[in-house]
Structures are given as C-alpha cells and as structure tokens.
Amino acid sequence: MVVGDVTTGTDVLIIGAGPGGYVAAIRAGQLDLDVTLVEKDAYGGTCLNHGCIPSKALISATDVAHDASTAEEMGIHADPAVDLAGMVGWKDDIVDQLTGGVEKLCKANGVNLVEGRAEFAGDNTVRVAHAGEGQGSETIQFEHAIVATGSRPMAIPNFAFDGERIISSREALALDAVPESLVVVGAGYIGMELSTVFAKLGTDVTVVEMLDSALPAYEDDVARVVKSRAEELGIDFHFGEGASEWVESGDGITVKTEDEDGEISEFGAEKALVAVGREPVTDALNLDAIGLATDEGGFLETDDRARTDVETVFAVGDVAGEPMLAHKGMKEGEVAVEVIAGEPSALDYQSVPAAVFTDPEIGTVGMTEKEAKEAGFSTVVGEMPMRASGRALTLGESDGFVRVVADDDAGFVLGAQIVAPEASELIAELGLAVEMGATLEDVAATIHTHPTLGEAVMEAVENARDRAIHTLNR
C-alpha cells in the first residue's frame with residue numbers, strides 16, 4: 001500500500017536534527033511555536049551518531065588501555081587486551097542513549113517529528129519523501145524554515161570512499177578490528193585525533209599532509225606539542241605531499257603521494273583514512289525552488305541573526321560556514337528561533353571556543369597574540385608551562401602550556417590558547433572571561449582549587465601581570 005501525499009502546516013520547519021536543528025526545535029517548543037523537525041537519518045545528526053560523541057568515546061576508551069600499558073613509571077605494570085568490537089559496542093550504547101534522549105526531549109517540548117528527506121518545493125513549501133518503500137511523501141507549508149543539514153566528509157580525487165579500503169571518519173569509528181597499518185590523508189584535527197586513537201591501539205600509522213605542518217589552523221608552538229607526542233606514539237609524518245592515487249597491493253593497498261617537485265612516494269597499508277575536511281550538505285535541498293544560492297564552497301551565507309538572503313529562511317550549523325563546530329551550531333539554532341519569535345537575539349562569535357581531542361588536548365578561544373595586534377591592541381601575554389603544574393605531574397601528563405592574551409592598557413582578556421591535559425575543559429573559564437569582558441585582575445583574584453589543572457590558568461594570568469608564583473615571570 002502506498003501512502004498518498006498529504007499537506008500540513010507549521011510555524012517553523014527545521015530540516016536536519018543535528019545539534020543546530022534539534023536545539024532550535026526544542027527552543028521553538030519552549031517559545032510555544034508550532035515546530036516540525038525533519039530528519040532523514042538519525043536524531044542527533046553526525047555529531048551524536050558518527051562524529052563528536054563516538055570519537056570521544058573511543059578516545060577515552062583507548063586512553064584507558066594505553067595509560068594502563070605505559071604506567072611503569074607509576075609502578076603499574078599491565079598489558080591490557082583490547083577488544084575493538086566490544087569497545088565499539090560500548091560506544092554505540094552511548095550513542096543510542098543520547099540520540100534516544102534527543103528524540104524524547106523533542107517530543108516532550110511539543111516538536112512534531114517527521115522522518116524523511118526534505119527539499120524545497122516553492123515559496124514557504126517543502127516536500128518530504130518518507131523513508132521506506134511505499135511510504136509516500138508529504139508537503140509541509142511553513143512560515144519560517146531553518147536549514148540545519150550539517151556536513152559530510154570531503155572526498156579527494158581518486159580516493160572515493162568504499163567503506164573497506166578507503167574510509168572516512170564515519171567508517172573508522174565503526175571498525176570491528178584494529179587495522180595493522182593505516183595511511184591517514186590529512187593532518188587536521190580529525191586526522192590527528194584518529195591517528196592518535198589507532199596508534200594507541202597498536203596500528204602502524206602514517207600521516208601524509210599536503211601542507212607543511214600538522215594542525216595548520218593552530219599556532220606553531222601549539223601544534224608542535226601535539227606532533228611531538230604523536231611521533232612518540234610511533235606516528236610517521238610526511239608533509240608537503242598530496243595523495244594522488246592508490247592501488248591494491250597484496251592484502252592491502254599502496255597509497256601514492258606527490259610533492260611539489262613531482263617526486264612520487266609510496267606507502268603500504270591495510271586501509272587509508274581520508275580526513276581532509278568536511279563539506280556542507282546543501283546540494284539535495286533544491287534551493288533554486290526558493291531562490292536561494294550557496295557560495296562557492298556550498299555554504300549558505302547568514303547574518304548575525306542566522307538569516308539567509310531569503311527573508312523566511314535561516315541557516316545554522318555547518319551549512320552556515322566556519323567554524324564548523326557543534327556548539328556554534330547549537331547557539332545559532334537558539335538565536336534563529338528567538339529571532340523568529342520576535343526576541344532581540346543575535347550572534348556574537350568572539351568567544352566561540354574550539355577543542356581538539358588529541359594527546360595532549362588543545363583548547364582555544366578569542367584572539368591569538370598576532371590577531372590581537374592586527375586588530376590594533378597593545379598586547380600582553382602570560383604563559384604557564386604544564387611541567388610546573390603539580391596536578392599535571394601527578395597525572396603523568398606535563399606536556400604543553402596555558403597562554404593568555406590580554407589588552408595591555410585595560411587588562412581585558414582577549415583570548416587564550418591551551419595545549420594540555422583537559423584543555424577542552426580548561427578553556428571554558430577563559431571563554432567566560434572573553435565573553436564577559438573580564439580583566440586579568442578578575443581572573444587572578446578568583447581563588448582556584450589546589451591542586452588542579454585550573455591553577456595553570458590563574459598562573460598564566462598572573463604571569464601576564466608579572467606576578468606569577470610557580471613559574472618565572474616574563
């Protein structure tokens with residue numbers, strides 16, 4: 001039996017139930033708007049199902065095994081046996097718990113959930129093709145629409161994803177056996193995170209990167225700490241080389257690379273993980289039907305209220321451009337719905353933090369010293385090396401530092417860069433400082449618990465004031 005087409009209406013139609021979409025839907029429900037959320041795959045989007053959450057679960061589990069096997073200095077001698085299939089099953093249980101929670105929260109807030117693939121059919125209209133044979137479709141008329149369709153792994157020429165030999169981060173997070181060897185194409189944050197995971201599991205990892213450094217989006221001294229640790233784990237780096245092709249070779253593959261001089265290199269492995277970035281999913285929305293166009297990168301341009309060039313259409317999350325971060329998409333989702341509801345809401349990107357879950361972690365917020373100077377500030381910088389942190393030493397993780405950038409005249413905190421254990425957590429305090437316009441004195445006057453990693457933030461701030469106690473003042 002084929003279900004026929006039906007027509008419904010809604011105040012707010014949201015396409016995509018990832019972090020930006022489901023947060024927007026729940027906020028719309030809180031504001032008593034009639035809201036419909038359309039999702040073609042799984043609630044929670046890439047972040048909960050194939051990205052942020054599963055990768056951090058595997059990073060945590062891998063760290064447990066690795067830390068136990070390398071703790072001889074602490075007097076601990078262990079040789080853990082890793083069952084990757086069991087580890088992935090544990091990860092999947094977490095994912096199921098969270099995605100199920102998203103669905104329940106949406107329903108509890110009055111969100112109408114629709115499963116299927118949506119595309120625009122005209123002004124204020126979308127058509128949703130329901131999943132499953134014979135399930136038909138429906139037309140939904142809306143007052144406002146929010147595009148939150150997210151992003152997908154970016155492919156490169158001659159390396160089409162096949163899920164077996166050439167894999168993306170999605171397949172890498174679902175493997176049921178540890179590969180003996182792996183070529184990772186790309187040394188950005190995804191490539192570095194997953195390279196670290198597999199190296200700790202015992203995989204022979206080779207990273208090839210077209211640019212001349214790892215983590216090119218970060219300052220050299222920040223990236224250097226992570227790269228050095230990765231090399232200690234046995235990861236082999238080859239910079240200035242672009243992956244050009246691959247061929248079957250025995251039980252595995254051979255990946256060929258080429259440098260700017262045309263020199264060819266070959267690397268054998270069981271699989272190749274292509275992690276060169278992500279691209280927005282906007283090509284299946286039939287944007288022409290509503291008079292909306294993307295930029296050259298496929299992104300939808302928005303203003304500080306998440307509005308596109310079409311008055312009734314908003315865009316949030318990865319489709320709205322860099323930074324492609326889940327928490328940035330969540331905030332955009334809230335703002336979009338509040339603007340639709342007539343509230344005085346707007347976006348402020350100056351204090352959006354970023355984190356990389358490598359070893360050690362990276363956390364950043366606000367401006368670097370170079371960016372602050374280019375913006376016209378007279379800067380003062382303070383640093384605290386983690387080797388001087390008592391808590392870092394007791395964790396056996398003393399690589400890295402906390403750096404704080406401030407305005408030398410008024411003392412306002414302008415930004416911070418942290419490469420250290422738990423940097424993803426430590427950056428929150430400095431994100432708050434940037435957001436509220438706190439000064440160095442404000443942070444320094446806050447008594448920090450001892451012994452904690454957070455003391456390193458206080459010491460970096462005091463270092464900028466020439467008042468550090470546990471490190472030499474600059």
Derivation and outcome, side-chain hydrogen bond (donor to acceptor under 3.5 Å, both in side chains), residues S398 and R387: CA-CA 5 Å; S398 57; R387 64 177 180 274; over 6 Å; no
Steps toward side chain to side chain contact (heavy atoms under 4.5 Å, CB included) verdict (K107, L113): CA-CA 8 Å; K107 290 179 178 178; L113 299 177; 3.8 Å; yes
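Surrounding NZ of K40 are at most 12 heavy atoms belonging to other residues, nucleotides or ligands under 6.0 Å away.
Between the OG1 atom in T368 and the NZ atom in K373 there is a gap of 10.0 Å [rounded to 0.5 Å]. Distance check, rounded to the nearest 0.5 Å: NZ of K271 to CZ of F198 gives 9.5 Å.
Take V23 and apply the side-chain contact (heavy atoms from CB on, under 4.5 Å) test, not counting sequence neighbours, and it matches M330, E334. Residues forming a salt bridge (Lys or Arg N to Asp or Glu O under 4.0 Å) with E429 (at least two apart in sequence, or on another chain): none.
Ion pairing between a basic and an acidic side chain is recognised when a charged N comes within 4.0 Å of a carboxylate O; R391 and E455 show no such pairing. In summary, E219 and R403 engage in a salt bridge, as defined by a charged side-chain N under 4.0 Å from a carboxylate O.
You'll find the side chain of Y218 stays beyond 4.5 Å of the side chain of R224, heavy atoms only. Between M458 and T446, every side-chain heavy-atom pair lies at or beyond the 4.5 Å cut-off.
The backbone N or O of A438 sits nowhere less than 3.5 Å from a side-chain atom of D442 that would complete a donor-acceptor pair.
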